[in-house]
Amino acid sequence: MACQGLQGGETVASLKRESESLRKKLEEERKKLSDIELNQVAEKIEVLGPLSIKTRRVLKGHGNKVLCMDWCKDKRRLVSSSQDGKVIVWDAFTLNKEHGVALPCTWVMACAYAPSGCAVACGGLDNKCSVFPLSLDKNENLSAKKKSVAMHTNYVSGCTFTSSDMQILTSSGDGTCALWDVESGQLLQSFHGHTADVLSLDLAPSETGNTFVSGGCDKKANIWDMRSGQNIQSFESHESDINCVKYYPSGDAFASASDDATCRFYDLRADREVAVYQKDSVIFGASTVDFSLSGRLLFAGYNDYTINVWDVLKGTRASILFGHENRVSRVRVSPDGTALCSASWDNTLRVSWAAYL
Amino acid sequence: MSNNMAKIADARKTVEQLKLEVNIERMMISKAAAELMAYCEAHAKEDPLVTSVPSSENPFREKKLFCVIL
């Protein structure tokens, strides 16, 4: 291994030339597929009816910026985490705070609900991701049952359970993503390839198999094979940090939100960007995206305190939601598609749903 | 000397990675777009934020609980 030096006239310079020509070839291959644009194909589909989404609940309780939230599979509970170091589990309809944990660190940037609904995971500036089982006993001290699972060498920016409560996937400021066994805390697989902080990750919908997407400060979005650790595909079209990535419900595409004020849509089988969601009037960075149940709508939260709702297929803006008094840090559609939760630097979370309900 | 080895190893990894990416099978956008549209259309009726779904639960309403005889 130590003797794997120069092979047949290879130098760093010649390898660099080879990667340059491969990069050009990759671009050419991708261009060959552009026989038509997505929004042109979408001319056939009906225009969306007027969207009326109203905020019905405002969740107050955090003492500082809310950085992350995640829905429980039961469609009414959610977990949120904040710069104040607290993680709160809420019943979104009754506004009841069911659990609260105070972490020793501030900036809890990531939180996730376990598929069983019996635990939550969170992490941030402590460089760790910890799992807390949710007790039915309200008097029980949740902190006592904390289990440290992931250990990174920089902040944890995102975390998600995989198909069960047994494994979690994390993304970190250290430039890597990692898969961990919750019970033992063992590192099962690590994912190297990003050349800067990884800010977000999303697991492919279960039908599509074992892959996930990550996005980061190197402006790249990468698709990974969870078993082999291999980077399968890579997309670099954003002009600034990618703050959030989210799969389209069919698993064949994903969207990204970036500091360059655009959101983009990439098809995995065409292996390229197929739409850019932007407007001259939208000049602030986008921090978060999520799809509606059918994938027709893309909700995107921005640093100008608004949520733009994009028609994914036609590429136009369907609606704009106001209400937050500071940056929107996270938007998530509930598991049955009925509600939208938005978390903000204004210390609140808002739950909204369609006006006819 | 080892720094140069590291650079070569890195450069070689990049070349291998790019080779993998260049050689994957791709689909024409017309076909990929048609499939994305088909998915939207197939699921539009169940999407409460896109169409009024009568069966969607009104989150205001209390869930009806039935007595279960154990």
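Because the structure is a prediction, the values reported are computed rather than measured. Here is the naming used below: chain letters follow the sequence lines, and residue numbers restart at 1 for every chain.
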For the atom pair [atom1] ([X]) and [atom2] ([Y]), what is the distance rounded to the nearest 0.5 Å?
X       : Y        : atom1 : atom2 : result
B/Leu20 : A/Gln233 : CG    : CD    : 11.0 Å
B/Glu16 : A/Ser19  : CD    : OG    : 10.5 Å
B/Met28 : A/Lys32  : CE    : NZ    : 10.5 Å
B/Met37 : A/Arg296 : CE    : CZ    : 8.5 Å

Quick check on [X] against chain A: is it the side chain, the backbone, both or neither that has a heavy atom closer than 4.5 Å?
X       : value
B/Ile24 : side chain
B/Leu49 : both
B/Lys13 : neither

Looking at [X] and [Y], what are the two nearest heavy atoms and their distance?
X        : Y        : value
B/Asp47  : A/Gly295 : OD2-N, 4.4 Å
B/Ala32  : A/Ala270 : CB-CB, 4.1 Å
A/Val41  : B/Ala33  : CG2-CB, 3.9 Å
A/Ser292 : B/Val50  : OG-CG2, 4.2 Å
A/Ala354 : B/Pro48  : CB-O, 3.7 Å

Counting only heavy atoms closer than 4.5 Å, note whether [X] contacts chain B via side chain, backbone, both or neither.
X        : answer
A/Ile232 : backbone
A/Ser52  : neither
A/Leu48  : side chain
A/Val274 : side chain
A/Asp267 : side chain
A/Phe299 : side chain
A/Lys75  : neither

Who among [options] has the most heavy-atom pairs with chain B under 4.5 Å?
options                              : answer
A/Ser234, A/Ala253, A/Ser34, A/Ala42 : A/Ser234
A/Ile36, A/Leu33, A/Leu22            : A/Leu33
A/Leu313, A/Leu297, A/Leu38          : A/Leu313

Item checked: Full working for side chain to side chain contact (heavy atoms under 4.5 Å, CB included) between B/His43 and A/Leu293 -> CA-CA 8 Å; B/His43 292 85; A/Leu293 200 76; over 6 Å; no
Check: Taking the side chain from B/Glu21 and the backbone from A/Leu26, do they hold a donor-acceptor pair closer than 3.5 Å?
Finding: no
Checklist line | Any donor-acceptor pair under 3.5 Å from B/Tyr39 side chain to A/Asp252 backbone | finding: no
Report yes if the side chains of [X] and [Y] come closer than 4.5 Å at any heavy-atom pair, otherwise no.
X       : Y        : answer
B/Thr14 : A/Arg23  : yes
B/Cys40 : A/Val312 : no
B/Ile29 : A/Arg272 : yes

Check: Is it the case that more than 12 heavy atoms not belonging to A/Gln40 sit under 6.0 Å from its CD atom?
Finding: yes
Item checked: Neighbour count >12 (heavy atoms, 6.0 Å) for atom NZ, A/Lys219 -> no
Next item on the list: Mind ranking B/Glu35, B/Lys7, B/Lys19 by heavy-atom pairs under 4.5 Å with chain A and telling me who comes out on top?
Entry: B/Glu35
Next item on the list: Quick one: list whatever passes side-chain hydrogen bond (donor to acceptor under 3.5 Å, both in side chains) with B/Arg26, sequence neighbours left out.
Entry: A/Asp271
